[in-house]
Amino acid sequence: PILPILAVTSIVYGALVCLAQWDLKRLIAYSSVVQMGFVTLGVCAASVGYGMLRVLPTLGEAEPTVGQGLLGLWTWLKSLEFPSKSDATMTAAVSGLSGAAMQLFAHGVIIAALFFLVGALHRRTRTYDLREFGGFAKQISHYYGLMLVAGFAALGVPGLIGFWGELFVFKSAMGLIPVFAFIGVAGVLISAGYTLWKMVQHIFLGEFDSARWGQLEDLTAWEKATVWPLVIVIVVFGFYPTQLLDMFTTALTALLKGVL
């Protein structure tokens, strides 16, 4: 169980490190560790399911002999249910891999948007220190809206692309490695803390220092043209993920069946 332990450690510890960060760029960087923890958790759940699929067929190969006694009889009776167990295990394993693949795709889009927006803010303020910000919501409202979409997508809010990968990962993990799934949920709750408290509260809410930041400019036309395609992908595949999920599921189901 080393890999599942590393996966949930990445999720929980990475979220705690984000919660302790005051450097915005480092916070976003450590949030990537959290997202990769979800990917690893999905792969681990799929690996457990694959192992079960490799073991289950051997249970029904031969009827028990007299020498095997009650244990042999019980094992053989369990093997009679193999088809239903195989289908459920295959579904859970594919869900884990599909969730991991979706999470990788989503993370690539979300983290690109977040780092771009963080860089845009740094060009204007010359600092990453969250304690220097506050009350920017009205001053740079367009930036505020895009940062909310990207931040909530990273958190896994329904309706945005980050939700589906986490959903399938946890669906698989709950069926195959439930203890690690429950630990992973704790990481999601901590992630909500640093997203709402550190990113939203300290940058956009609170008191605005008009003497220092009164000349702060919103995103330029070129910056909007750069980040809006990423935001569109985040929203469109958040509401309509079927094409991506079908592509991942079809390919990964064939992969698992091919190696069994």
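Quick caveat, the model's predicted, so the values are computed rather than measured. Heavy atoms only: backbone and side chains are in, while hydrogens, waters and symmetry mates are out. Along the sequence shown, the residues carry numbers beginning at 1.
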Is [X] linked to [Y] within one hydrophobic cluster, defined over Ile, Leu, Val, Met, Phe, Trp and Tyr using a side-chain heavy-atom separation of less than 4.5 Å?
X	Y	value
I11	L16	yes
Y30	F116	no
L155	F105	yes
L6	L97	no
Y144	V227	yes

Heavy-atom distance under 4.5 Å between the side chains of [X] and [Y], does that happen here?
X	Y	result
L3	F180	no
I140	L219	no
Q139	D218	no
M36	L104	yes
H202	F133	no
V157	F163	no
D209	E132	no
V188	F38	yes

Charged N to carboxylate O below 4.0 Å: is that the case for R123 and E223? yes

*asked:* Taking D23 first and then K25, would you say they form a salt bridge - that is, a charged N and a carboxylate O separated by under 4.0 Å?
replied: no

Take atom [atom1] of [X] as the centre, draw a 6.0 Å sphere, and report whether it contains more than 12 heavy atoms from other residues, nucleotides or ligands.
X	atom1	answer
W228	CH2	no
R26	CZ	no
F208	CZ	yes
L189	CG	yes
K198	NZ	yes
F248	CZ	yes
Q201	CD	yes

Notebook entry, point to check: Where do C44 and V48 land on the side-chain contact (heavy atoms from CB on, under 4.5 Å) test, with the steps shown first?
Noted result: CA-CA 6 Å; C44 289; V48 171; 5.7 Å; no

Atom [atom1] in [X], atom [atom2] in [Y]: separation rounded to 0.5 Å?
X	Y	atom1	atom2	value
L205	M199	CG	CE	12.0 Å
F152	L196	CZ	CG	5.5 Å
T250	L255	OG1	CG	12.5 Å
L167	S98	CG	OG	11.5 Å
L24	I203	CG	CD1	4.5 Å
M147	T195	CE	OG1	9.5 Å

Heavy-atom pair with the smallest gap, counting every atom of [X] and [Y]:
X	Y	answer
A153	L160	N-CD1, 3.5 Å
M102	P241	CE-CB, 4.0 Å
V169	A100	CG2-N, 3.8 Å
Y194	C18	CD2-CB, 3.4 Å
G151	L114	N-CD2, 3.9 Å
S32	I111	OG-CD1, 3.3 Å

(message) In this structure, is the centre-to-centre distance between the rings of F204 and F136 below 6.0 Å?
(response) no

Using modelled atom types and a 3.5 Å cut-off, is there a donor and acceptor pairing between side-chain atoms of [X] and backbone atoms of [Y]?
X	Y	answer
W22	R131	no
Y143	L117	yes
S172	A92	yes
S31	I28	yes
R124	A120	yes
T249	L245	yes

- Item | L130/Q21 under side-chain contact (heavy atoms from CB on, under 4.5 Å): CA gap, chis, key distance, verdict | CA-CA 9 Å; L130 288 164; Q21 278 296 326; over 6 Å; no

S191 and V34: CA distance, side-chain angles, deciding distance, side-chain contact (heavy atoms from CB on, under 4.5 Å) verdict: CA-CA 8 Å; S191 298; V34 179; 3.9 Å; yes

task: Evaluate side-chain contact (heavy atoms from CB on, under 4.5 Å) for Q35 paired with E166, printing each intermediate quantity in order.
output: CA-CA 9 Å; Q35 301 305 314; E166 292 185 19; 4.0 Å; yes

